[in-house]
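Sequence lines set the chain letters: A, B, ... in the order given, protein chains first and strands last, and positions in each chain run from 1. Just so it is clear, the model here is predicted, and its values are computed rather than measured. The basis for the numbers below is simple: all heavy atoms, side chains too, and nothing from hydrogens, waters or symmetry mates.
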Number of protein chains: 2
Amino acid sequence: MKRINPSHNCKDELNEVELRATPARIAVMDLLEKTNLPVDATMIKDHLDKHHIDTDPATVFRILNMFLEKGLIKQISFNEGKFRYELANREDHHHLICQTCGKIEDISECAISELEKDIKKKKGFIVSHHTLEFYGVCHDCQKNQNYI
Amino acid sequence: MKRINPSHNCKDELNEVELRATPARIAVMDLLEKTNLPVDATMIKDHLDKHHIDTDPATVFRILNMFLEKGLIKQISFNEGKFRYELANREDHHHLICQTCGKIEDISECAISELEKDIKKKKGFIVSHHTLEFYGVCHDCQKNQNYI
DNA sequence: ATGGTTGCAAACACTTTGCACATGA
DNA sequence: TCATGTGCAAAGTGTTTGCAACCAT
């Protein structure tokens, strides 16, 4: 196993949550920080392969579940029959998912917090978090007319 | 195979979208209409078993995919590693998912349409639909104090 | 009658688990 | 050193597919 980029502070981040800084974990953190977009286990595995970090899917999932437990990442689903993961310590944001090319964009504006207060008042339901995703056709795909 | 309740108009609904009205399909429609809440394939299978309609999971999924294609139902995901399904012809609404007891409530108010216009203007992204789900603790579970 | 539907079995994709070996602190 | 992590293989879910038999129209 080789380490991708020893210059990062991923090691410290991991130690902070009492996780040993192994090459695979550092590389996963690295990818999550670089892309800043939701990735799935296969994409992570590919990233590790590319950097000659010899892993198998089980380890990837174990790393992801460990990160989840420690609150480093969030698990999300875009109705694909699998999970995606992204860093947890990001500002409140949501996604634009292009149904033509699959591209995922972030949007940050969100006026849901008032709705949450309403829900507490009217339903007595305490919201801990929410998911809001928009599906449609992105700008590029509209131009390319490769949508129906 | 026995039919659950021949009094329904499910048969007509199915014929309208050019699907043959088989006992299994009628029973699935029936359940979706009765619960009006998102159910998964296992719950549907259980419902069929209970009514002595002898099916297997493959058929349930084939029925659901057929209903999806015809636009009768919607597929949604609550980050459970599986899909749930609910009738499509319902007013715009979202869900409150209790992380303690798993209960799912509907809420209908939704001020997202303005946000969608904004997204079109700022990002050039055309939204076809969105998903918005709230996770938290429901009223009952707060009372029962079986949450942390 | 006949084409759409189903049951069964097998396969598939994604994720988890058990256990022996390897490794970071 | 030694608890924590990993590789490998196997199993567990959820879902799809091929094919012959079946049944709604």
Taking CG from N79(A) and C1' from dT15(D), how many angstroms apart are they, rounded to a whole number? 14 Å
According to salt bridge (charged side-chain N to carboxylate O under 4.0 Å, His left out), who are the partners of E16(B), at least two apart in sequence or on a separate chain? none
Sequence-aligned protein contact record of nucleotides 10-18 of chain C, with B where the base is within under 4.0 Å of a protein heavy atom and S where only the sugar-phosphate is: ----SBBBB
For residues 122-130 of chain A, run the donor-acceptor check on the side chains, cut-off 3.5 Å, and write out each pair with its distance to 0.1 Å, sequence neighbours left out.
| residue | atom | partner | partner atom | Å |
| --- | --- | --- | --- | --- |
| K122(A) | NZ | D118(A) | OD2 | 3.2 |
| K123(A) | NZ | D106(B) | O | 3.3 |
| S128(A) | OG | Q99(B) | OE1 | 3.2 |
| S128(A) | OG | Y135(B) | O | 3.1 |
| H130(A) | ND1 | E116(A) | OE2 | 2.7 |
| H130(A) | NE2 | H94(A) | NE2 | 3.0 |

E86(B): which residues meet the salt bridge (charged side-chain N to carboxylate O under 4.0 Å, His left out) condition with it, sequence neighbours left out? R90(B)
Take the C1' atoms of the five end pairs on each side of the helix from dA1(C)-dT25(D) to dA25(C)-dT1(D), get both axes, and report the angle to 10 degrees. 40°
Looking at residues at least two apart in the chain, or sitting in another chain, which of them share a salt bridge (charged side-chain N to carboxylate O under 4.0 Å, His left out) with K103(B)? D140(B)
I'd like a table of atom pairs between the protein and nucleotides 2-5 of chain C - only N or O on both sides, under 3.5 Å - with the distance next to each one.
| residue | atom | partner | partner atom | Å |
| --- | --- | --- | --- | --- |
| dG3(C) | N2 | R20(B) | NH1 | 2.5 |
| dG4(C) | O4' | R20(B) | NH2 | 3.2 |
| dT5(C) | OP1 | R20(B) | N | 2.9 |
| dT5(C) | OP1 | R25(B) | NH1 | 2.8 |
| dT5(C) | OP2 | R25(B) | NH2 | 3.4 |
| dT5(C) | O5' | R25(B) | NH1 | 2.8 |
| dT5(C) | O5' | R25(B) | NH2 | 3.0 |

Who passes salt bridge (charged side-chain N to carboxylate O under 4.0 Å, His left out) against D49(A), sequence neighbours left out? K45(A)
Just jot down the side chain to side chain contact (heavy atoms under 4.5 Å, CB included) partners of K70(A), sequence neighbours excluded, or say none. V17(A), E18(A), L19(A), L72(A)
Kindly write out the residues that satisfy ring-ring contact (aromatic ring centres under 6.0 Å, His included) with F78(A), not counting sequence neighbours, or none if the list is empty. H95(A)
Does A88(B) have any side chain to side chain contact (heavy atoms under 4.5 Å, CB included) partners at least two apart in sequence or in another chain, and if so, which? K74(B)
Nearest whole angstrom, please: distance from the P of dT6(D) to the CG of L48(A). 10 Å
Which residues pass the side chain to side chain contact (heavy atoms under 4.5 Å, CB included) test with S113(B), sequence neighbours left out? none
